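Report on the following structure.
Atoms within each ligand, like the ligands themselves, are counted from 1 in listed order. This is a predicted model, so every value here is computed, not measured.
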Amino acid sequence: MKLTYKPYTLKLKHPFTIANYSRRETPIVLTEIEYAGDVGYGEASLPQYLGETQESVIKFLSKVDLTQFKDPMDINNILNYVDSIEECNNAAKASLDIALHDIAGKLMGIPLYKFFGLKKPTEMFTSYTIGIDSNETINKKIDEASGYKYYKIKLGAGNDKEIIETIRNKTDSDLFVDVNQGWNDKNYALDMIEWLSERNVIFVEQPLPKENVDDIAWLNEKSRIPIIADEAVIRLIDIVSAKDIYSGINIKLMKSTGLREALAMINKAKDLGLKIMLGCMTETSCAVTAAAHLSSLVDWLDLDGPLLIKNDIFKGLSYSNGKIILQNLPGIGIEKK
Ligand code: MG
């Protein structure tokens with residue numbers, strides 16, 4: 001097995017603004033694992049707030065020695081080894097997990113959903129993300145992505161009602177709201193959630209800082225719609241403590257260290273009666289298509305990464321008004337453009 005990797009920068013179609021920062025591009029690292037003529041593709045996406053950089057990913061990957069493994073189908077042992085090299089580095093680990101699963105599917109000649117014993121996702125719709133922006137830009141974004149079943153709206157910059165009213169003037173579609181820890185007062189949060197729940201908002205993600213555990217639990221108890229953890233739940237180990245605080249969790253491959261642990265998180269969350277959203281960072285069609293193979297298991301999808309970038313190097317899943325359509329190819333089912 002030969003591992004190669006290189007840095008790449010994703011350019012956003014629209015500068016992306018949330019409560020605490022804005023950005024125009026996202027650094028990623030692309031990985032490839034080659035075995036017996038097949039290539040598995042992987043990717044580490046590195047939004048600033050998670051703390052990994054292209055340098056840290058490359059440093060981590062340089063420590064990975066796959067020559068000790070003879071068979072890429074030995075995925076569990078390989079990933080246990082990768083996880084033991086160093087703590088954290090979750091996106092770097094995900095890039096290897098994704099590439100290994102891609103190659104395993106290719107060696108078996110089956111798409112990943114079959115590899116995991118799952119059915120092909122058929123009627124699963126992703127949301128389309130609308131960042132915090134001027135009314136004019138928000139209107140433009142909705143026009144560009146009209147007809148979506150769900151939009152994911154970022155709030156928390158002080159003009160929350162104005163943003164929702166702008167969107168409600170354009171579309172009746174259901175909304176997901178993501179505050180990215182941007183509210184601070186629990187009473188304001190509860191008033192806002194009441195108001196949002198009367199405007200076809202399905203759930204609210206991470207309304208308060210993740211450290212405000214008692215306030216979030218209070219809010220979740222009182223709220224008519226589910227409160228979903230994103231920043232508060234990174235890996236499998238975080239789920240048990242989330243169950244008494246939140247109604248659901250947002251699972252992302254870049255947090256979970258990849259598909260193997262994302263699947264374990266889905267199973268654990270189901271056992272605990274938590275709702276499940278499967279999300280993504282700013283990513284190419286590589287990681288997003290990989291995640292889409294798990295989508296028949298979850299309640300909601302936010303897998304719009306490829307829709308928000310200008311320079312995807314892969315062709316993978318496609319979208320029909322937000323409905324996820326996987327190609328009939330082995331592994332992740334992506335091709336280089
Ligand atoms: Mg979020």
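With ring centers used as reference points, Tyr319 lies 6.0 Å or more from Tyr128.
Considering just the N/O/S atoms of Glu205, the one nearest the Mg ion (ligand 1) carries the name OE2. Looking only at N/O/S atoms, Asp230 comes nearest to the Mg ion (ligand 1) through OD2.
Electrostatic pairing of Asp302 and Lys152 counts as a salt bridge here, judged by a charged N lying under 4.0 Å from a carboxylate O. Of the charged side-chain nitrogens involved, none lies within less than 4.0 Å of a carboxylate oxygen, so that Lys93 and Glu52 do not count as a salt-bridged pair.
Within the coordination shell of the Mg ion (ligand 1), defined by N, O or S atoms under 2.8 Å, Asp178 is present.
Taking the six-membered ring where tryptophan is involved, the planes of Phe203 and Trp300 are tilted, since the angle between them lies from 30° to 60°.
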